[in-house]
Enquirer: 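Here it is, the structure, as structure tokens.
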Amino acid sequence: QLQLVESGGGLVQPGGSLRLSCAASGFSLDGYAVGWFRQAPGKEREGVSCISSSDGSTYYADSVKGRFTISGDNAKNTVYLQMNSLKPEDTAVYYCAASYTFGVQHMCNIPTSRMDSWGVGTLVTVSS
């Protein structure tokens, strides 16, 4: 069973940092693209950042470029999202997903695509 578990969310002040983790179990992330998505109340889910385990290519939404960094640790079967200079508008539930089919651009730009696995999400709140 393909399972993804997110962790690392929480409450942080504007300008602060958080690191989210997406740990896979039941399968290896080798060959998969893994993406981070977020959904704020009343808004549609959007792609934040995606990474390919095959060639290391990455994609970032314009809203997070220069502030967020996605990375993977194959030994730990985990993908991370380092979030710096957080803003109140970054507040959302953050989800990770994995796809063996889609590349990073498709995955991040079309979050309604049928992914192989989704995590249950972790809440990030940016507030003073």
Side-chain angles (χ1 to χ4, degrees):
Q1 184 178 1
L2 314 184
Q3 187 173 17
L4 298 173
V5 178
E6 304 95 337
S7 62
L11 174 64
V12 63
Q13 292 187 342
S17 298
L18 282 175
R19 189 178 79 156
L20 305 183
S21 299
C22 172
S25 62
F27 71 112
S28 168
L29 289 175
D30 286 346
Y32 281 82
V34 178
W36 283 98
F37 303 81
R38 66 186 181 188
Q39 188 164 19
K43 294 188 177 181
E44 294 184 350
R45 189 170 297 187
E46 62 174 348
V48 175
S49 183
C50 297
I51 186 168
S52 167
S53 64
S54 298
D55 61 12
S57 58
T58 58
Y59 176 90
Y60 293 93
D62 287 343
S63 59
V64 305
K65 279 181 182 176
R67 299 189 299 123
F68 291 10
T69 303
I70 192 170
S71 62
D73 186 332
N74 289 338
K76 295 184 178 180
N77 216 24
T78 300
V79 171
Y80 304 98
L81 185 68
Q82 177 67 42
M83 305 187 296
N84 299 329
S85 302
L86 283 161
K87 304 174 181 180
E89 51 263 44
D90 294 317
T91 295
V93 177
Y94 283 71
Y95 302 88
C96 65
S99 171
Y100 202 80
T101 304
F102 304 122
V104 293
Q105 287 202 21
H106 179 117
M107 192 179 193
C108 263
N109 285 320
I110 311 178
T112 54
S113 298
R114 186 178 180 87
M115 309 295 180
D116 293 299
S117 183
W118 281 95
V120 297
T122 185
L123 177 62
V124 172
T125 303
V126 184
S127 175
S128 56

Enquirer: Roughly how far, to the nearest 0.5 Å, is the CG atom of Asn109 from the CZ atom of Phe102?
Expert: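 Result: 12.5 Å between the selected atoms.
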Enquirer: Return the OG to NZ distance between Ser21 and Lys76, rounded to the nearest 0.5 Å.
Expert: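 Separation between the atoms: 8.5 Å.
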Enquirer: Show your reasoning for whether side-chain contact (heavy atoms from CB on, under 4.5 Å) applies to Val104 and Tyr60.
Expert: CA-CA 9 Å; Val104 293; Tyr60 293 93; over 6 Å; no
Enquirer: Tell me the closest heavy-atom pair linking Pro14 and Ser127, and the distance in Å.
Expert: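 In this case the closest contact between Pro14 and Ser127 is CD-C, 3.6 Å.
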Enquirer: Please tabulate, for the side chains in residues 3-10, all donor-acceptor contacts under 3.5 angstrom to protein atoms that are two or more places apart in sequence or on a different chain.
Expert:
{"residue": "Glu6", "atom": "OE1", "partner": "Val120", "partner atom": "N", "Å": "3.0"}
{"residue": "Glu6", "atom": "OE1", "partner": "Gly121", "partner atom": "N", "Å": "2.8"}
{"residue": "Glu6", "atom": "OE2", "partner": "Cys96", "partner atom": "N", "Å": "2.9"}
{"residue": "Glu6", "atom": "OE2", "partner": "Gly121", "partner atom": "N", "Å": "3.2"}

Enquirer: Judged by atom type as modelled, is there a donor-acceptor pair below 3.5 Å linking the side chain of Ser113 to the main-chain atoms of Met115?
Expert: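 Between the backbone of Met115 and the side chain of Ser113 there is no qualifying donor-acceptor contact (under 3.5 Å).
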Enquirer: Below 4.5 Å, heavy atoms only, C-beta onward: do Glu46 and Arg38 meet side chain to side chain?
Expert: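 Side-chain contact under 4.5 Å: yes.
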Enquirer: If you group Ile, Leu, Val, Met, Phe, Trp and Tyr by side-chain heavy-atom gaps below 4.5 Å, do Leu18 and Val64 land in one group?
Expert: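 Same cluster: Leu18 reaches Val64 through Ile, Leu, Val, Met, Phe, Trp or Tyr contacts under 4.5 Å.
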Enquirer: Kindly compute the distance separating OG (Ser52) from CG (Leu29), expressed to the nearest 0.5 Å.
Expert: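 The distance works out to 11.0 Å.
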Enquirer: Please name the pair of heavy atoms, one in Gly47 and one in Pro111, separated by the smallest distance, quoted to 0.1 Å.
Expert: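 Here Gly47 and Pro111 meet closest at N-CG, 4.3 Å.
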Enquirer: When you look at CD of Glu44, are more than 12 heavy atoms from neighbouring residues, nucleotides or ligands closer to it than 6.0 Å?
Expert: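 Open: at most 12 neighbouring heavy atoms sit under 6.0 Å from CD of Glu44.
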Enquirer: Could you state whether Trp118 and Val93 fall into the same hydrophobic cluster, counting links through intermediate Ile, Leu, Val, Met, Phe, Trp or Tyr residues with side-chain heavy atoms under 4.5 angstrom apart?
Expert: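 Shared cluster, yes.
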Enquirer: Could you walk me through whether Phe68 and Trp36 satisfy the side-chain contact (heavy atoms from CB on, under 4.5 Å) test, starting with their C-alpha distance in whole Å, then the side-chain angles of each, then the deciding distance to 0.1 Å, before giving a yes or no?
Expert: CA-CA 11 Å; Phe68 291 10; Trp36 283 98; over 6 Å; no
Enquirer: When you measure from the side chain of Ser53 to the backbone N and O of Gly31, does any donor-acceptor pair fall under 3.5 Å?
Expert: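 Answer holds: yes.
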Enquirer: Hey, is the main chain of Thr78 close enough, under 3.5 Å, to the side chain of Asp73 for a donor-acceptor pair?
Expert: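 Not at all, since once roles are kept as given, no pair shorter than 3.5 Å links the two residues.
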Enquirer: Please round to the nearest 0.5 Å and tell me the distance separating atom CD1 of Ile70 and atom CE of Met83.
Expert: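 It is 11.5 Å, given to the nearest 0.5 Å.
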Enquirer: Applying disulfide (SG to SG under 2.5 Å), which residue pairs with at least one partner in residues 30-84 are found, sequence neighbours left out?
Expert: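 Output for this query lists Cys50-Cys108.
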Enquirer: I want to check something: taking the side chain as every heavy atom from C-beta on, are Gln82 and Ser17 in contact at a cut-off of under 4.5 Å?
Expert: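 In short, these two side chains touch, coming nearer than 4.5 Å.
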Enquirer: Assess whether side-chain contact (heavy atoms from CB on, under 4.5 Å) is satisfied between Phe37 and Met107, documenting all intermediate values.
Expert: CA-CA 10 Å; Phe37 303 81; Met107 192 179 193; 3.9 Å; yes
Enquirer: Is the positively charged end of Arg19 above the ring of Tyr80, judged by distance under 6.0 angstrom from the centroid and angle within 45° of the axis?
Expert: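 Checked: cation-pi criterion met.
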Enquirer: If two hydrophobic side chains count as joined below 4.5 Å and joins carry through other members, does Tyr94 share a cluster with Tyr59?
Expert: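 In one cluster: no.
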Enquirer: How many angstroms lie between OG1 in Thr91 and CG in Leu86, if you round to the nearest 0.5 Å?
Expert: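 One gets 8.5 Å once the value is rounded to the nearest 0.5 Å.
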Enquirer: Could you measure the distance from the CZ atom of Phe27 to the OG atom of Ser117? Nearest 0.5 Å is fine.
Expert: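 Between Phe27 CZ and Ser117 OG, I get 5.0 Å after rounding to 0.5 Å.
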Enquirer: Given side-chain contact (heavy atoms from CB on, under 4.5 Å), test Tyr100 with Leu2 step by step and report yes or no.
Expert: CA-CA 12 Å; Tyr100 202 80; Leu2 314 184; over 6 Å; no
Enquirer: Looking at Val126 and Asp90, what are the two nearest heavy atoms and their distance?
Expert: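 Heavy atoms only, the tightest pair is CG2-CB, 4.2 Å.
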